[in-house]
There are 2 protein chains.
Amino acid sequence: MALEHAILVSLLEKPGSGYELARRFDRSIGYFWTATHQQIYRVLKRMENDGWVAAHEVAQQGRPDKKHYAVAPAGRAALSAWLHEPIEPESVRHDLAVKIRGAAFGDLSALLHEVERYRQVHSGRLAHYRAGEERDFTGPDAPAEPDAMHELQHVVLRGGIAYEQMTLAWLDDVLATLRRIRERTAP
Amino acid sequence: MALEHAILVSLLEKPGSGYELARRFDRSIGYFWTATHQQIYRVLKRMENDGWVAAHEVAQQGRPDKKHYAVAPAGRAALSAWLHEPIEPESVRHDLAVKIRGAAFGDLSALLHEVERYRQVHSGRLAHYRAGEERDFTGPDAPAEPDAMHELQHVVLRGGIAYEQMTLAWLDDVLATLRRIRERTAP
DNA sequence: ATCCTCTATGCAACTCGTTTCATAGGCAAG
DNA sequence: CTTGCCTATGAAACGAGTTGCATAGAGGAT
């Protein structure tokens, strides 16, 4: 389980409340780790009990109070220990791959339209990543001398970009294959 | 949840027992969908109760009896209905990306060695995929006129190959970035 | 006025997936 | 001859993740 560690990294990059964390998990961190606010609140509470993070309540005007979290020394130690553990192989779950192989026994055309829609989603995601890269790393507003944190954030984002590019190329391959089969079997 | 559907696809491609399915989920299907034998047995039982698959016991000599499963009409209908549903965005969980961003606050060198090891795993996986492609699709023993099922299996495998190639290139980028930071911060 | 959205946190119930254990005969290596 | 692996299935407990609901004030839209 690495949600704790994802939260530690995010809080080390910038401390904040559970709500703020939840929004980060819809944005930058969310590119490679998803979590709902439920999970985040629950895990944050456990981490506080374990002394990994320290919280202090912040009163706000016109808004509900919030609990501001920062990483405690024990949390830093836990992260460091986790970094030394071997990387466990990710367990893959690709609905689309199952559907593609299932298309041999179902409706090819329906899948074709779905893949076209899916391609647009990934195309949009690539554009979004590239805009973020331009804004934070390669554009004129980016820092001239990036620190380690910055460079590591960038290399992770480059991974997301590479993934989306690869996916788009593969989806084109999938579309071409589906069309070829459809024309051959139902001319 | 798509494990049911992954099982339906696998049983349509070739009927078999729960044990055989579990082994396929360590091989071809396992490239894009992981499942333990526990899950498979449990879900198979539910699918049998729902009339998605039909089972008949097969007595064997020198081996335990096995339950042979085949897809029933209701299962085919369920798969077809699922193929028409929109593809839901995959929920990503990349431990490595978390670790890379965490390395800004921990031991860079330890991660470097881990990434090198991780790279070897993916290198081996790519070789394995390519051997499978040669054996089943592009080599001399592959069928000259592949059917739809065959072609769809191939395009999914090409996706796996593209993924591994992309991953290897990105890991080289990661390694170069980690080394650059290490030499700059601790010369 | 009423509805919706945003901020901000949390409980409760449920489903899905993993881990551990159990059974049981055959077969091969040491 | 005993230890371990392969086939074959399954129960039980646990942990992680999702979904629905609740609260509550501020602000904007219709």
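Naming convention: chains lettered A, B, ... in sequence-line order (proteins, then strands); numbering from 1 in each chain. Values reported hereafter were calculated over all heavy atoms of this structure, with side chains retained and with hydrogens, waters and symmetry mates removed.
Near DNA chain D, meaning a heavy atom under 4.0 Å from it, residues 12-31 of chain B has B:S17, B:G18, B:Y19, B:R23 in order of number.
Scanning for ring-ring contact (aromatic ring centres under 6.0 Å, His included) contacts around A:F25 gives an empty result, with sequence neighbours left out. Every residue meeting the side-chain hydrogen bond (donor to acceptor under 3.5 Å, both in side chains) condition with B:S10, not counting sequence neighbours, appears here in chain and number order: B:R24. Listed by chain and number, the residues in a salt bridge (Lys or Arg N to Asp or Glu O under 4.0 Å) with B:R117 are B:E114 (sequence neighbours excluded). A:H94 meets the ring-ring contact (aromatic ring centres under 6.0 Å, His included) test with no other residue; sequence neighbours excluded. Applying the side-chain hydrogen bond (donor to acceptor under 3.5 Å, both in side chains) criterion to A:D172, with sequence neighbours excluded, gives A:R119.
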Side-chain donor-acceptor pairs of residues 122-129 of chain B under 3.5 Å, sequence neighbours excluded:
{"unit_1": "B:H122", "atom_1": "ND1", "unit_2": "B:E164", "atom_2": "OE1", "d": "2.5"}
{"unit_1": "B:H122", "atom_1": "NE2", "unit_2": "B:Y118", "atom_2": "OH", "d": "3.2"}
{"unit_1": "B:H128", "atom_1": "NE2", "unit_2": "B:Y31", "atom_2": "OH", "d": "2.9"}

May I have the list of side-chain donor-acceptor pairs in residues 148-163 of chain A shorter than 3.5 Å, sequence neighbours left out?
{"unit_1": "A:H150", "atom_1": "NE2", "unit_2": "A:D136", "atom_2": "O", "d": "3.0"}
{"unit_1": "A:E151", "atom_1": "OE1", "unit_2": "B:R180", "atom_2": "NH1", "d": "2.3"}
{"unit_1": "A:E151", "atom_1": "OE2", "unit_2": "B:R184", "atom_2": "NH1", "d": "2.6"}
{"unit_1": "A:E151", "atom_1": "OE2", "unit_2": "B:R184", "atom_2": "NH2", "d": "3.2"}
{"unit_1": "A:Q153", "atom_1": "NE2", "unit_2": "A:E13", "atom_2": "OE1", "d": "3.1"}
{"unit_1": "A:Q153", "atom_1": "NE2", "unit_2": "A:E13", "atom_2": "OE2", "d": "3.2"}
{"unit_1": "A:H154", "atom_1": "ND1", "unit_2": "A:R158", "atom_2": "NH1", "d": "3.2"}
{"unit_1": "A:H154", "atom_1": "NE2", "unit_2": "A:E133", "atom_2": "OE2", "d": "2.8"}
{"unit_1": "A:R158", "atom_1": "NE", "unit_2": "B:D173", "atom_2": "OD2", "d": "2.7"}
{"unit_1": "A:R158", "atom_1": "NH2", "unit_2": "B:D173", "atom_2": "OD1", "d": "2.9"}
{"unit_1": "A:R158", "atom_1": "NH2", "unit_2": "B:D173", "atom_2": "OD2", "d": "3.4"}
{"unit_1": "A:R158", "atom_1": "NH2", "unit_2": "B:T177", "atom_2": "OG1", "d": "3.3"}

Donor-acceptor pairs under 3.5 angstrom involving side-chain atoms of residues 63-83 of chain A: please list them, not counting sequence neighbours.
{"unit_1": "A:K66", "atom_1": "NZ", "unit_2": "A:E20", "atom_2": "OE2", "d": "3.1"}

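Listed by first and then second residue, the salt bridge (charged side-chain N to carboxylate O under 4.0 Å, His left out) pairs involving residues 26-42 of chain A amount to none (not counting sequence neighbours).
Scanning DNA chain C 5' to 3' for nucleotides with an atom closer than 4.0 angstrom to a non-hydrogen atom of chain B gives a first and last hit of C:dC16 to C:dG26.
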Revision key, fill the gap. In 5'-to-3' order, the base (B), backbone-only (S) or no-contact (-) status of each nucleotide in nucleotides 12-27 of chain D, using a 4.0 angstrom heavy-atom cut-off, is ----SBBBB-----S-

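A salt bridge links B:E116 to B:R179: one of the charged nitrogens lies within less than 4.0 Å of a carboxylate oxygen.
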